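In each ligand, atom 1 is the first atom listed, and ligand 1 is the first ligand listed. Keep in mind that this is a model prediction, so the values were computed, not measured.
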Amino acid sequence: MLNIALFGPPGAGKGTQAKKIVEKYNLAHLSTGDMIRKEIAEGTELGKMAQDIINRGELLSDEFVVKLIESSMAACKGVDGFLFDGFPRTVAQAEILDRMLEAEGTPLRALICIHVPFEELKRRMLERAKIEGRADDNEEVIQKRFREYNDKTVHVANYYKNKGVHVDVEGNCPVEEVFGSITKAIEGVK
Ligand code: AMP
């Protein structure tokens, strides 16, 4: 199993790259953000609990997202691995993920970190707000999402650096170029 996590701040291009990666390597795309938005759109109990938190730009509880990830992983059949997108976002989530994957004997092979300068991230997110109309892409919420990233999420990169499975990728270039760097990184750990 080829288990990979895509990591980076909001607006780094994780979703765009994830679609290309899962197609090339036959992986299941596990995006916690997409799972939560689906729960909200379907009006489920989980969705109702998540809506205010996501619209404020805050992180949901580790317990909540781990439950989503667990049930999605269990439902995946016939894939060659998992691509985690937007997960793990805290060190606690990373520890839980590692325990789950190690129990299956298929640890995370790489945390691919996409790097993009802050001004470019902000520009991309405001652009996306116009196109997709996401409630969590307005200026105030974007600031909050960056604060959450800096307070809670950046530490995940160090956690995996210490485990020796962290790879840096330049993300401030055309989509195909970023994808080229990512596939090179994946080929290196396959
Ligand atoms: P994303 O689409 O990955 O940018 O996620 C959108 C929002 O969903 C985030 O701002 C959080 O509110 C929530 N979210 C997504 N993934 C996680 C996670 N792993 N842990 C906590 N909250 C999450």
Quiz item: Should Ile53 be listed as contacting ligand 1, given a heavy-atom distance under 4.0 Å as the test?
Solution: no
Quiz prompt | Ala94 to Val156 - nearest heavy-atom pair and separation | solution = CB-CG1, 4.5 Å
Quiz item: Is the shortest side-chain N to carboxylate O distance from Lys163 to Asp98 below 4.0 Å?
Solution: yes
Practice problem: Looking only at protein heavy atoms, identify the closest one to atom 9 (C) of ligand 1 and say how far it is in Å. | Solution: Arg89 NH2, 3.9 Å
Quiz item: Is it true that Ile114 and Val167 fall in one hydrophobic cluster, defined by side-chain heavy atoms closer than 4.5 Å?
Solution: no
Quiz item: Glu58 heavy atoms, cut-off 4.0 Å: which ligand 1 atoms fall inside?
Solution: 11 (C), 12 (O)
Quiz item: If we only count N/O pairs under 3.5 Å, is Asp34 in contact with ligand 1?
Solution: no
Self-check item: Leu59, any N or O under 3.5 Å of ligand 1 N or O
Solution: no
Quiz item: What protein heavy atom sits nearest atom 22 (N) of ligand 1, and how far away is it?
Solution: Leu60 N, 3.1 Å
Exercise. Would you mind running through ligand 1 and noting each atom that sits below 4.0 Å from a heavy atom of Val65?
Key: 17 (C), 18 (C), 20 (N), 21 (C)
Quiz item: Linking I/L/V/M/F/W/Y whenever their side-chain heavy atoms sit closer than 4.5 Å, directly or via other members, would Leu6 and Val189 fall into one cluster?
Solution: yes
Quiz item: Can Lys67 and Glu70 be counted as an ion pair, charged N to O under 4.0 angstrom?
Solution: no
Self-check item: Parallel, tilted or perpendicular: rings of Phe7 and Tyr149 (30°, 60°)
Solution: tilted
Quiz item: Is any NZ, NE, NH1 or NH2 atom of the basic residue among Arg123 and Glu120 found under 4.0 Å from an Asp or Glu carboxylate oxygen of the other?
Solution: yes
Self-check item: Atoms in ligand 1 flagged as close to Gly86, the criterion being non-hydrogen separation under 4.0 Å
Solution: 16 (N), 17 (C), 18 (C), 19 (N)
Exercise. Say whether Phe87, considering both its backbone and side-chain N or O atoms, lies within less than 3.5 Å of an N or O atom on ligand 1.
Key: no
Quiz item: What are the atoms of ligand 1, with element, lying closer than 4.0 Å to any heavy atom of Gln93?
Solution: 18 (C), 19 (N), 20 (N), 21 (C)
Quiz item: Considering only the protein, which heavy-atom contact is closest to atom 16 (N) of ligand 1, and what is its distance?
Solution: Thr32 OG1, 2.8 Å
Quiz item: In Å and rounded to the nearest 0.5 Å, what is the CG to OG distance from Asp34 to Ser72?
Solution: 10.5 Å
Quiz prompt | Candidate with minimal heavy-atom separation from atom 8 (O) of ligand 1, of Asn55, Ile40, Ile54, Ile69 | solution = Ile54
Quiz item: Would you say the side-chain atoms of Asp85 and His29 include a donor-acceptor pair closer than 3.5 Å?
Solution: yes
Quiz item: Relative to the heavy atoms of Arg145, which atoms of ligand 1 are at a distance of less than 4.0 Å?
Solution: 1 (P), 4 (O), 5 (O), 6 (C), 10 (O)
Self-check item: Lys19 bridged to Glu23 by N-O distance under 4.0 Å
Solution: no
Quiz item: Going by the order shown, which atoms of ligand 1 are within less than 4.0 Å of some heavy atom of Arg37?
Solution: 2 (O), 6 (C)
Practice problem: Ignoring hydrogens, just give me the one of Ile36, Asp62, Leu6 whose non-hydrogen atom is nearest atom 14 (N) of ligand 1. | Solution: Ile36
